Number of protein chains: 2
Amino acid sequence: MPKARAAKEKLLDAALSLIREKGFSAMTVDDLCARAGVTKGAFFHYFKSKDELGVAAAEHWSAVTGALFERAPYHDAEDPLDRVLGYIEFRRALLRGDIPEFTCVVGTMVQETYGQYPQIRDACAASIFGHAGTLTDDIAEAMTKRGLVADWTAESLAAHSQAVLQGAFILAKAKNEVGVAIESVEHLRRYVELLFTHPSTVEKKQ
Amino acid sequence: MPKARAAKEKLLDAALSLIREKGFSAMTVDDLCARAGVTKGAFFHYFKSKDELGVAAAEHWSAVTGALFERAPYHDAEDPLDRVLGYIEFRRALLRGDIPEFTCVVGTMVQETYGQYPQIRDACAASIFGHAGTLTDDIAEAMTKRGLVADWTAESLAAHSQAVLQGAFILAKAKNEVGVAIESVEHLRRYVELLFTHPSTVEKKQ
DNA sequence: CCATACATACCAACTGGTTGGTATGTATGT
DNA sequence: ACATACATACCAACCAGTTGGTATGTATGG
């Protein structure tokens with residue numbers, strides 16, 4: 001097999017673009033094949049159905065973004081709060097270019113599929129909350145280190161950060177402009193800073 | 001005309017449900033007619049195309065939700081910050097029942113249409129930011145009253161609140177459970193409280 | 001008061017193009 | 001020789017939109 005599996009990965013990459021451009025439902029199998037430069041025979045050789053491609057696209061997205069965030073520099077900070085704030089700054093810096101370039105495949109896809117395709121929904125949930133999980137430890141460590149007494153959990157703040165990002169993408173799509181998304185991420189950063197510096201919740205360690 | 005316009009309003013109401021259940025693209029004209037109990041002839045009598053129904057559905061959604069929020073009790077509070085926090089609590093209380101009952105028509109629709117149907121996108125933007133606009137004055141008044149020195153605007157905080165809500169809907173759809181959305185709205189409430197009580201930003205008025 | 005003229009509100013059947021999916025071919029590497 | 005990796009050709013169902021029609025208004029003139 002000379003260039004084996006080329007078609008499958010080209011189809012998956014095409015899916016990541018097309019889902020962000022027009023959504024899962026409006027994306028046709030012909031669209032996918034044209035974008036990938038293959039024929040329908042190739043598509044159905046690798047995927048039993050369009051639904052199955054949806055699941056594979058969510059998993060592919062997890063792999064691609066997982067690698068991106070894994071090698072991001074914010075992990076190098078010594079202070080856990082700096083790592084959390086570094087993550088938010090990293091997300092803010094990603095908000096550039098055209099809308100399909102910075103928006104989220106699984107966030108878009110789950111909106112259309114949650115009621116009709118449980119397998120796609122679960123794959124999207126795994127992607128979103130799996131990514132949120134990479135934040136939880138840093139948040140928890142920051143809470144411990146700063147002696148934070150909180151009525152919220154590290155897990156819920158990690159999930160909230162994903163909510164802000166997903167919502168920011170929606171506002172950007174509605175306004176057809178990235179600025180409103182950037183401002184929302186800056187509110188998220190300010191929130192985290194306030195959480196960890198407000199005297200009512202922080203007990204100074206000596 | 002005894003029951004004139006009945007078909008049109010039934011079609012618009014059907015659209016609000018169907019868009020939240022399966023999205024705009026996956027919703028067919030036949031779906032709409034079946035749900036509304038009318039025929040395709042009636043549909044195309046009132047709407048030139050499915051796109052045009054999308055625009056009308058966004059406007060209908062603005063009217064329906066506009067009336068809901070206009071008569072909500074949080075406006076009665078004397079203190080502007082209490083009105084803002086009352087709004088957030090009102091939104092939190094709406095997070096009940098099945099997912100299509102509390103999620104947002106225009107937030108869902110704009111994700112699928114922003115690139116292909118500019119008119120629908122603009123109608124969705126008008127709905128989202130029009131609603132955000134009803135918050136801006138209360139936020140601005142609260143800032144003035146508390147002598148808040150901020151590097152953010154009332155408008156951006158109003159928009160951010162919509163981002164949090166839209167993102168919370170996405171997380172709820174992914175998890176197929178409302179709890180995660182509620183927690184995110186509680187983070188939003190906490191953020192607003194911190195913004196207006198943190199000593200670094202508030203100059204006490206005597 | 002009423003007949004003519006026309007508009008509005010809707011329906012049932014149909015159409016051409018699109019859709020996801022299949023059946024069958026063929027080239028290539030092992 | 002045989003499995004893998006595709007391409008070609010095709011189908012049945014479905015899709016948005018059209019057509020031709022009916023039933024019920026409502027405005028106007030005599």
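Chain letters run A, B, ... following the sequence lines, proteins first, then strands; residues in each count from 1. These figures come from a predicted structure and were not determined experimentally.
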**Student:** Take L148(B) and F196(B) through the test side-chain contact (heavy atoms from CB on, under 4.5 Å) and record every step on the way to the result.
**Tutor:** CA-CA 7 Å; L148(B) 204 115; F196(B) 283 88; 3.6 Å; yes
**Student:** Among pairs that include at least one residue of residues 112-125 of chain B, which meet side chain to side chain donor-acceptor pair (under 3.5 Å), considering only residues two or more places apart or in two chains?
**Tutor:**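 Applying side chain to side chain donor-acceptor pair (under 3.5 Å) to every pair that reaches into residues 112-125 of chain B, excluding sequence neighbours, yields S25(B)-E112(B).
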**Student:** Is the phosphate of dA9(C) approached by H45(B) (side-chain N or O, under 4.0 Å from OP1 or OP2)?
**Tutor:** yes
**Student:** Looking at R83(B) and D137(B), is any side-chain nitrogen of the basic one under 4.0 Å from a carboxylate oxygen of the acidic one?
**Tutor:** no
**Student:** Run the ring-centre check on Y87(B) versus H131(B) and record whether the distance is less than 6.0 Å.
**Tutor:**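 Ring-ring flag for Y87(B)/H131(B): true, centres closer than 6.0 Å.
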**Student:** So if I take every side-chain heavy atom of Y46(A) and compare against dA9(C), dC11(C), dA5(D), which nucleotide ends up nearest?
**Tutor:**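 Of dA9(C), dC11(C), dA5(D), dA5(D) is nearest to the side chain of Y46(A).
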**Student:** Should R189(A) and E89(A) count as an ion pair when the cut-off is N to O under 4.0 Å?
**Tutor:**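 Judged by the 4.0 Å cut-off on N to carboxylate O distance, R189(A) and E89(A) do not form a salt bridge.
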**Student:** Partner lookup for dA3(C), please. Criteria are Watson-Crick or G-U wobble with both distances under 3.5 angstrom; report none if nothing qualifies.
**Tutor:**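 Its partner is dT28(D) (Watson-Crick or G-U wobble, both distances under 3.5 Å).
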**Student:** Using a cutoff of under 3.5 Å, can you pull out all pairs of nitrogen or oxygen atoms linking the protein to nucleotides 19-22 of chain C, with atom names and distances?
**Tutor:**
| unit_1 | atom_1 | unit_2 | atom_2 | d |
| --- | --- | --- | --- | --- |
| dG20(C) | OP2 | V29(A) | N | 2.9 |
| dG20(C) | N7 | K40(A) | NZ | 2.7 |
| dG20(C) | O6 | K40(A) | NZ | 3.2 |
| dG21(C) | OP2 | K50(A) | N | 2.8 |
| dG21(C) | N7 | K40(A) | NZ | 3.3 |
| dG21(C) | O6 | K40(A) | NZ | 2.9 |

